[in-house]
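Quick notes on the structure that follows.
Scope of the values below: all heavy atoms of this structure, side chains included, with no hydrogens, waters or symmetry mates. Protein chains get the first letters and strands the later ones, always in sequence-line order, with residue 1 at the start of each.
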Amino acid sequence: EVQLLESGGGLVQTGGSLRLSCAASGFTFSSYPMSWVRQAPGKGLEWVSLIYTGSTYNADSVKGRFTVSRDDSKNTLYLQMNSLRAEDTAVYYCAKGPKNTVTRYFDYWGQGTLVTVSS
Amino acid sequence: QSALTQPASVSGSPGQSITISCTGTSSDVGYYNYVSWYQQHPGKAPKLMIYDVSLRPSGVSDRFSGSKSGYTASLTISGLQAEDEADYYCSSHTSSSPLGVFGTGTKVTVL
């Protein structure tokens, strides 16, 4: 059974940093592209970051501040978030895409971890 | 890139059929057959309901179906049930970025 379990969320001050983790199990983690998707309170979904085959991509809204990485030996996805702003307040989900293709969809999602940025 | 456009809300009575639209551009919905749909209940993670415009993952009810015409994709829920009350989001691959784009979301209410 595929499982994705996020951790690391919490309350942080404006300008601060936080690192999110997503522990994966039930599939060959290293073979699949992984992403972070966030959802601000009461708002829609926003694709934040993608990592696959050694390449990383970030939304313009987080470019230069967020870094996605993975440790395939630990089956874990990370999101390092720096220079946090109030508008980064959201539930952050990690999500798995299909392999050997562009990320056309997410077939599994974690339960999410809440990040609150406040002054 | 801009979000895909969905109606804010759609409602129907139990047993009826409803359709949710998702309008994009020539760079996303109009170009790729890579539209997906997600169901999200309050406080829960999104769940994949449709991928590649019209394919259903294993375990998803056949009351859910997807289609596309031009720049607009659609999700149809037939035989509407109380448990279908949720938010629904479309998503599409786009030529402008490896990151896809989501729709604005539609709240489905079962009357």
Side-chain angles (χ1 to χ4, degrees), chain A residues 1-6 9 22 24 27 32-63 66 68 79 90-114, chain B residues 1-9 20 22 27-29 31-60 66 68 73 75 86-107:
Chain A
E1 179 192 6
V2 172
Q3 289 194 340
L4 300 171
L5 186 61
E6 301 96 336
C22 172
F27 64 103
Y32 290 84
M34 296 295 296
S35 292
W36 289 97
V37 177
R38 69 183 180 183
Q39 185 171 35
K43 303 296 184 181
L45 301 171
E46 180 187 16
W47 197 338
V48 173
S49 298
L50 164 67
I51 182 168
Y52 74 104
T53 60
S55 298
T56 63
Y57 304 89
N58 294 290
D60 289 342
S61 57
V62 305
K63 206 164 286 184
F66 288 13
V68 60
L79 186 66
V91 174
Y92 285 74
Y93 296 100
C94 69
K96 170 184 166 292
K99 66 177 174 180
N100 299 329
T101 178
V102 297
T103 297
R104 319 190 309 266
Y105 55 85
F106 299 116
D107 50 3
Y108 291 95
W109 298 66
Q111 86 290 348
T113 187
L114 176 63
Chain B
Q1 56 269 21
S2 298
L4 308 175
T5 301
Q6 298 180 231
S9 63
I20 304 167
C22 169
S27 297
D28 38 63
V29 176
Y31 191 83
Y32 297 100
N33 287 324
Y34 293 158
V35 176
S36 53
W37 289 91
Y38 302 88
Q39 176 192 64
Q40 186 180 35
H41 288 109
K44 300 296 186 182
K47 174 187 175 184
L48 179 66
M49 304 302 284
I50 295 287
Y51 67 99
D52 293 353
V53 175
S54 61
L55 301 181
R56 268 189 316 275
S58 174
V60 171
K68 191 187 88 166
L75 174 71
D87 293 326
Y88 291 82
Y89 294 91
C90 62
S91 181
S92 175
H93 183 64
T94 172
S95 61
S96 58
S97 169
L99 303 184
V101 58
F102 284 100
T104 50
T106 297
K107 180 176 181 57

- For A/G110 against B/A45, the heavy-atom pair lying closest together: O-CB, 3.1 Å
- Which bit of B/P57 comes within less than 4.5 Å of chain A, counting heavy atoms only: side chain, backbone, both or neither? neither
- Out of curiosity, A/E46 CD to B/F102 CZ, how far, rounded to the nearest 0.5 Å? 9.5 Å
- Query: Considering only heavy atoms, which portion of A/S49 lies under 4.5 Å from any heavy atom of chain B: side chain, backbone, both, or neither?
  - Reply: backbone
- Contact winner vs chain A - B/P46, B/S92, B/A3, B/S97, heavy-atom pairs under 4.5 Å: B/P46
- First locate atom NE2 of B/H93, then atom OG1 of A/T101, and finally report the distance between them rounded to the nearest 0.5 Å. 8.0 Å
- Message: Counting heavy-atom pairs closer than 4.5 Å to chain B, which one of A/Y108, A/W109, A/Y52, A/Y93 comes out on top?
- Response: A/W109
- How long is the span from the CD atom in B/Q40 to the CD atom in A/Q39, to the nearest 0.5 Å? 4.0 Å
- Task: Would you mind telling me which of B/G103, B/G105, B/P98 has the largest number of heavy-atom pairs within less than 4.5 Å of chain A?
- Result: B/P98
- Search all heavy atoms of B/L99 against all heavy atoms of A/L50 and return the closest pair with its distance. CD2-CB, 3.3 Å
- Task: Flag yes if more than 12 heavy atoms outside A/Y57 fall under 6.0 Å of its OH atom; otherwise flag no.
- Result: yes
- Side chain, backbone, both or neither of A/A95 within contact of chain B (heavy atoms, under 4.5 Å): neither
- Checking heavy atoms, do the side chain of A/D60, its backbone, both or neither come under 4.5 Å from chain B? neither
- At a heavy-atom separation under 4.5 Å, does A/V37 approach chain B through its side chain, its backbone, both, or neither? side chain
- Message: So, applying side chain to side chain contact (heavy atoms under 4.5 Å, CB included) with A/Y105, which one of B/Y38, B/W37, B/Y34 is it?
- Response: B/Y38
- Item | chain A contact via B/Y32 - side chain, backbone, both or neither, heavy atoms under 4.5 Å | neither
